[in-house]
Amino acid sequence: MKNGFITTFSQTGQSYKTHIRGIGKYGLLLAFFVICLALSLITPKFLTVQNLMIIVTQVSINALLAFGVTFVIIAGGIDLSIGSMVAVTGVVAASFAHPDTYPVAVPIGMGLLAGLLFGAFNGFVVTRSKVPPFIVTLGTMTIGRGLALIISKGRPVSNLSDSFNFLGGGKILGIPTLIIILIVLFIGCSILLKRTVLGRYIYAVGGNEQAAKASGIQLNKVKMVVYTLCGGLAALAGILLTSRITTGQPNAGTGFELDAIAAAIIGGTSTSGGTGTMTGTLIGALLIGVISNGLDLLNVTSYYQQVVMGVIIIGAVVLDSMNQTNKG
């Protein structure tokens, strides 16, 4: 009798764990479709091709940043400086993007180089100093904001070439270039994370550093790579944002790091590392964009939008905590 009770209790516990994992796996996608359906019923403007294009275009910059920070979080780190990187790389690219000066490849290359170097610096300090990534990137966030102001002399960098402005504001076969770039990078980042040796190392380092080290993985190199990757994607976001608004703004990207981290966490990337996917992050970014767009269509002020987003983030973190507790 006693053994039967224990067996039943154990099976109930396993069933509970399975339900929790199921919620974590499919709940986000279900929530996304339910919210889209609800908004389409409430306001007919939501489910139009034009509005959907607007949503994906607006989401693109945040999604690129979120892809970068997803690599970092899966590896067990965090990067708060990506918003400042958007500003730095944007003004650097804009400085080389004036008409009749350099080919468009030059501002793109200089912006990417600035982002990669910034990301590599983050990785170097994190791995060499052993200071928590939160503190390191909080410091470099301030450094980056200051550098953007120094490079631009505190003023917007304007008068950019048409070829540069096309990057973030043009269309190819009627599709905004931002959407095309987003799709290409989503595929590339997904393959890198799921189909390569580096991707497996990233999961291993974030899942259990000691086990990864014992298996021969060089922790510092992996961390350097993920922070450098994050810097490169932040640079691309900065370049595209500058192109889209046709001006290099030293105050651009303020608060972008929070939206990017929120997209990753809402998408199922575990704050404790070792878990996450680019698909989840993309859905998380789209969910943020859909909610923001829907609330705009319903004439809800931005103040309430921030409250709603905060509640969603807390809910995602609580769900992640439940998944972690019920593993095994």
Side-chain angles (χ1 to χ4, degrees), residues 49-68 82-119 144-145 147-189 230-257 259-260 282 285-286 289 292-293 296:
V49 173
Q50 182 181 8
N51 189 57
L52 294 177
M53 282 283 195
I54 290 172
I55 292 173
V56 180
T57 302
Q58 290 176 339
V59 160
S60 298
I61 301 297
N62 183 42
L64 295 183
L65 292 171
F67 292 159
I82 52 178
S84 294
M85 277 194 257
V86 167
V88 173
T89 56
V91 296
V92 167
S95 300
F96 292 89
H98 300 302
D100 303 320
T101 52
Y102 300 100
V104 69
V106 174
I108 294 173
M110 294 302 292
L112 286 173
L113 179 61
L116 291 169
L117 290 174
F118 202 116
R145 192 62 61 184
L147 286 173
L149 291 167
I150 291 169
I151 295 169
S152 65
K153 298 180 181 178
R155 298 190 298 269
V157 182
S158 55
N159 187 29
L160 310 183
S161 67
D162 291 338
S163 57
F164 181 81
N165 290 335
F166 178 80
L167 295 172
K171 290 185 178 181
I172 298 175
L173 300 176
I175 303 173
T177 51
L178 279 175
I179 295 178
I180 295 172
I181 293 170
L182 172 63
I183 293 171
V184 171
L185 283 171
F186 166 68
I187 294 171
C189 290
C230 187
L233 286 164
L236 187 55
I239 293 166
L240 292 173
L241 178 64
T242 299
S243 171
R244 187 183 180 198
I245 64 177
T246 69
T247 307
Q249 293 281 357
N251 62 348
T254 302
F256 280 22
E257 62 279 350
D259 289 337
L282 179 60
L286 288 170
S292 178
N293 177 266
D296 282 338

Checklist outcome for this item: Shortest non-hydrogen pair, V91 vs V88, comes out as CG2-O, 3.2 Å
Below 3.5 Å, can you tabulate the donor-acceptor pairs from side chains in residues 151-159 to any protein atom, sequence neighbours excluded?
{"unit_1": "S152", "atom_1": "OG", "unit_2": "A148", "atom_2": "O", "d": "2.7"}
{"unit_1": "S152", "atom_1": "OG", "unit_2": "G154", "atom_2": "N", "d": "3.4"}

Item to check | Within-4.5 Å side-chain heavy-atom neighbours: L52 and V56 | outcome: no
Checklist outcome for this item: Tightest non-hydrogen contact, residues F164 and S243, listed as O-OG, 2.6 Å
Checklist outcome for this item: Closest heavy-atom pair, I82 versus C230, reported as atoms and distance to 0.1 Å, is CG2-SG, 3.5 Å
Item to check | A63: side chain to side chain contact (heavy atoms under 4.5 Å, CB included) partners, not counting sequence neighbours | outcome: V59, F67, L182, L282, A285
Next on the checklist: On a heavy-atom basis, which atom in A235 and which in G115 lie closest, and how many Å separate them?
Outcome noted: CB-CA, 3.7 Å
Next on the checklist: Taking P99's backbone N and O only, do any of them form a donor-acceptor pair with S161's side chain (distance below 3.5 Å, no angle check)?
Outcome noted: no
Next on the checklist: Quick one: does any side-chain atom of T242 pair with a main-chain N or O of G238 as donor and acceptor, under 3.5 Å?
Outcome noted: yes
Next on the checklist: Which residues pass the side chain to side chain contact (heavy atoms under 4.5 Å, CB included) test with P103, not counting sequence neighbours?
Outcome noted: V106
Checklist entry - How close do L233 and C189 get, heavy atom to heavy atom, and via which atoms? => result CD1-SG, 4.1 Å
Item to check | Over 12 non-hydrogen atoms of neighbours within 6.0 angstrom of CZ in F186 | outcome: yes
Checklist outcome for this item: What one should report as the nearest heavy-atom pair of L240 and L64 is CD1-CD1, 3.6 Å
Checklist entry - Taking everything shown except N251 itself, do over 12 heavy atoms lie less than 6.0 Å from its CG? => result yes
Checklist entry - When you look at L241 and Q249, which way does the side chain to side chain contact (heavy atoms under 4.5 Å, CB included) test go after all the steps? => result CA-CA 9 Å; L241 178 64; Q249 293 281 357; over 6 Å; no
Checklist outcome for this item: Residues passing the side-chain hydrogen bond (donor to acceptor under 3.5 Å, both in side chains) test with T247, sequence neighbours excluded, are none
Checklist entry - Checking side chain to side chain contact (heavy atoms under 4.5 Å, CB included) for the pair V86/I61: CA distance, chi angles, key distance, verdict? => result CA-CA 10 Å; V86 167; I61 301 297; 5.6 Å; no
Next on the checklist: Using the side chain to side chain contact (heavy atoms under 4.5 Å, CB included) criterion, which residues pair with T101? Sequence neighbours excluded.
Outcome noted: H98
Checklist entry - What residues, two or more places apart in sequence or in another chain, satisfy side chain to side chain contact (heavy atoms under 4.5 Å, CB included) together with I172? => result F166, T177, I180
